[in-house]
Colleague: 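First, the structure itself, so that you have it in front of you.
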Amino acid sequence: MIDNYGREINYMRISVTDLCNLRCRYCMPEDGVCKRRHEDMMHMDEFITAARAAVSLGVTKIRITGGEPLVKRGIVKFCKELGQLDGLKELCITTNGVLLAQHAQGLKDAGVTRLNISLDTLKADKFTDITRIGDIQTVFDGIEAAKEAGFTDIRMNVVLMKGFNDDEISDFVALTKDQAIDVRFIELMPIGEGLDASDLGYISCSAVLDAVPELEPISGKTTYDGVAQMYKLPGSKGRVGLIRPLSCEFCGSCNKIRLTADGMIKPCLHLEGEYPLKGLSEDEMREVLKQSIMQKPKSRDVMDETNRSKAGRNMNMIGG
Ligand code: SAM
Ligand code: SF4
């Protein structure tokens, strides 16, 4: 479907749960989130109906996210049902990787086409510090299991933070030398627990190019992969992506809508406006989806005067 500004909206992100098995400092409150009433949250069959309505409007790519999507009971079966939707070309998952060792093969068999794994450090003590409770070995095991299951183009998402992982930039980039993985550096966004992004160490993605000047921009059709601007080390198997929600403007090519775990469509990550789908029939959902797509703003001047997001929710509820 084409929105008011001529953008083709063909990508939906679904946050299947706002719960998580980690507590990343920039995303989740230390004590986690209160479990909401079952009846207030979208059920898996309602997500399937919403996905079917979205695909009928031209959505060809769905990303499952959270919270942590792999803590959601029935996630593999859910992916299998989504994977069977006629017209859906890409089914992706963004995960922290902690439960991937037990689910990777099931997800591959269910038709998941790609995995994004979030990992902000390669060091065990720093991982436990940033996630407050995590064990990095579980993520390493998850990455291995994903490779063994046959996921070929794994992407690693790294939120850049000054004083936390800027000293590891070249270690992350080095991972792309011999492995066909994409490492994508993401600027910390002033949203939810990350509202005071500068306190948490916001730095622009330019730090990556300063740290590794050998990185060469990829030209031609693959200059951008989604919202990531792509670079490569000479002769490397993998690539490096820079995602700059703050220091660069990519609203002009935004092709996505988001569905929260409690059933609200967010036409823009940074906009307060939300449109409820819960309890609706597929036809009604289709109408709400059309209306919400027409509410997508032209650009992120929806941020407030201090350049903080007006999203009104933490990232674990929206899904990134
Ligand atoms: N739990 C899964 C994970 O961590 O991959 C999926 C949900 S998480 C909200 C999705 C992505 O959003 C992760 O890569 C995470 O690092 C990123 N994220 C969360 N809060 C952020 C913030 N304030 N700024 C930038 N990225 C953020
Ligand atoms: Fe959980 Fe992902 Fe948020 Fe970390 S970034 S707390 S893993 S939802």
Colleague: Answer yes if the side chains of Asp283 and Ser281 hold a donor-acceptor pair under 3.5 Å, and no otherwise.
Modeller: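 The answer is no; no qualifying pair exists.
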Colleague: Without swapping roles, check the side chain of Arg132 against the backbone of Met28 for a donor-acceptor pair under 3.5 Å.
Modeller: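 Looks like yes, one N/O pair under 3.5 Å.
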Colleague: Would you say that Ser15 contacts Arg258 through its side chain, given a criterion of any heavy-atom pair below 4.5 Å between the two side chains?
Modeller: no
Colleague: Any donor-acceptor pair under 3.5 Å linking the side chain of Thr17 with the backbone of Lys72?
Modeller: no
Colleague: Are there more than 12 heavy atoms of other residues, nucleotides or ligands under 6.0 Å from atom NZ of Lys162?
Modeller: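 Counting other residues, nucleotides and ligands, NZ of Lys162 stays at 12 neighbours or fewer.
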Colleague: Should Asp178 and Lys237 count as an ion pair when the cut-off is N to O under 4.0 Å?
Modeller: no
Colleague: Using the side chain to side chain contact (heavy atoms under 4.5 Å, CB included) rule, take Leu119 and Ile136 through it: C-alpha gap first, then chi angles, then the decisive distance, then the call.
Modeller: CA-CA 9 Å; Leu119 185 61; Ile136 201 167; 4.2 Å; yes
Colleague: Using a cut-off of 6.0 Å, state whether more than 12 heavy atoms not belonging to Asp125 lie near its atom CG.
Modeller: yes
Colleague: Regarding Asn255 and Asn10, do their side chains bring together a donor and an acceptor under 3.5 Å, going by distance alone?
Modeller: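 A donor-acceptor contact under 3.5 Å links the two side chains.
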Colleague: Main chain of Glu284, side chain of Glu287: is a donor-acceptor contact present, judged purely on distance under 3.5 Å?
Modeller: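 Answer holds: no.
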Colleague: Kindly work out whether a path of hydrophobic side-chain contacts (I/L/V/M/F/W/Y, heavy atoms less than 4.5 Å apart) joins Met285 to Met41.
Modeller: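 They do not share one cluster, since no chain of ILVMFWY contacts under 4.5 Å joins Met285 to Met41.
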Colleague: Please find the pair of heavy atoms, one from Ala149 and one from Gln105, that lie closest to each other, and give the distance.
Modeller: CA-OE1, 3.3 Å
Colleague: Below 30° counts as parallel, above 60° as perpendicular, anything between as tilted: where do the rings of His38 and His43 land?
Modeller: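 It falls in the parallel class, under 30°.
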Colleague: Verify, without hydrogens or angle tests, whether Glu168 (side chain) and Leu122 (backbone) share a donor-acceptor contact under 3.5 angstrom.
Modeller: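 Confirmed, Glu168 side chain pairs with Leu122 backbone.
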Colleague: Minimum heavy-atom separation for Gly83 to Leu91, with atom names?
Modeller: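 The pair with the smallest heavy-atom distance is N-CD2, 3.9 Å.
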Colleague: Do NZ/NE/NH1/NH2 and the carboxylate oxygens of Lys126 and Asp167 come within less than 4.0 Å?
Modeller: yes
Colleague: If you count heavy atoms of other groups shown closer than 6.0 angstrom to NZ of Lys80, is the number above 12?
Modeller: no
Colleague: Could you grab the distance from atom NZ of Lys278 to atom CD of Glu46, nearest 0.5 Å is fine?
Modeller: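 Rounded to the nearest 0.5 Å, the NZ-CD separation comes out at 3.5 Å.
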Colleague: I'd like to know whether Thr94 forms a side-chain hydrogen bond (donor to acceptor under 3.5 Å, both in side chains) with Arg63, so could you lay out the CA-CA distance, the side-chain angles of the two residues, the decisive distance to 0.1 Å, and finally the verdict.
Modeller: CA-CA 7 Å; Thr94 300; Arg63 175 174 302 284; 3.1 Å; yes
Colleague: Could you check whether any side-chain N or O of Asn165 sits under 3.5 Å from a backbone N or O of Val159, counting only pairs where one atom can act as donor and the other as acceptor?
Modeller: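 Indeed, once roles are kept as given, a pair shorter than 3.5 Å links the two residues.
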Colleague: Using only atom types and a distance under 3.5 Å, with no angle test, would you say the side chain of Thr128 pairs donor to acceptor with the backbone of Ala124?
Modeller: yes
Colleague: For the residue pair Cys20 and Leu22, establish whether any side-chain heavy-atom pair is separated by less than 4.5 Å.
Modeller: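 They are in side-chain contact.
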Colleague: Short question: side chain of Ser236, backbone of Lys232 - any donor-acceptor pair under 3.5 Å?
Modeller: no
Colleague: Measure the spacing between CE of Met161 and OG1 of Thr121 and express it to the nearest 0.5 Å.
Modeller: 9.0 Å
Colleague: Determine whether Val212 and Ile169 satisfy the following criterion, side chain to side chain contact (heavy atoms under 4.5 Å, CB included), listing intermediate values before the conclusion.
Modeller: CA-CA 8 Å; Val212 191; Ile169 290 173; 4.1 Å; yes
Colleague: Set out, in order, the CA-CA distance, both residues' side-chain angles and the distance that settles side chain to side chain contact (heavy atoms under 4.5 Å, CB included) for Glu90 and Ile62, then state yes or no.
Modeller: CA-CA 6 Å; Glu90 287 178 81; Ile62 289 181; over 6 Å; no
Colleague: Just by distance, do the side chain of Lys266 and the backbone of Glu274 share a donor-acceptor pair under 3.5 Å?
Modeller: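 Answer holds: no.
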Colleague: For the pair Arg239 and Asp182, find out whether any cationic side-chain nitrogen is under 4.0 Å from an anionic carboxylate oxygen.
Modeller: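 Yes, charged N to carboxylate O under 4.0 Å.
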Colleague: Can you check whether Glu30's main-chain N or O pairs, donor with acceptor, with Arg25's side chain at less than 3.5 Å?
Modeller: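 Such a contact is absent between Arg25 side chain and Glu30 backbone.
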Colleague: Just so I know, are the side chains of Phe164 and Asp129 near enough to count as touching, which here means a heavy-atom distance under 4.5 Å?
Modeller: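 Yes, close enough: below the 4.5 Å cut-off.
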Colleague: Linking I/L/V/M/F/W/Y whenever their side-chain heavy atoms sit closer than 4.5 Å, directly or via other members, would Tyr224 and Tyr11 fall into one cluster?
Modeller: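 Shared cluster, no.
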Colleague: I want to check something: taking the side chain as every heavy atom from C-beta on, are Met230 and Val240 in contact at a cut-off of under 4.5 Å?
Modeller: no
Colleague: Do Ile265 and Met44 belong to the same hydrophobic cluster, where Ile, Leu, Val, Met, Phe, Trp and Tyr are linked whenever their side-chain heavy atoms lie under 4.5 Å apart, directly or via other members?
Modeller: yes
Colleague: Could you tell me the separation between the CD1 atom of Ile143 and the OG1 atom of Thr95, rounded to the nearest 0.5 Å?
Modeller: 10.0 Å
Colleague: May I have the step-by-step check of side chain to side chain contact (heavy atoms under 4.5 Å, CB included) for Leu100 and Leu107, ending in yes or no?
Modeller: CA-CA 9 Å; Leu100 206 45; Leu107 294 171; 4.2 Å; yes
Colleague: Could you tell me whether the side chains of Arg286 and Ser56 share a donor-acceptor contact shorter than 3.5 Å?
Modeller: yes
Colleague: Counting N and O atoms only, with roles assigned by atom type, does the side chain of Glu68 sit under 3.5 Å from a partner on the main chain of Leu70, one being a donor and the other an acceptor?
Modeller: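 It does hold such a pair.
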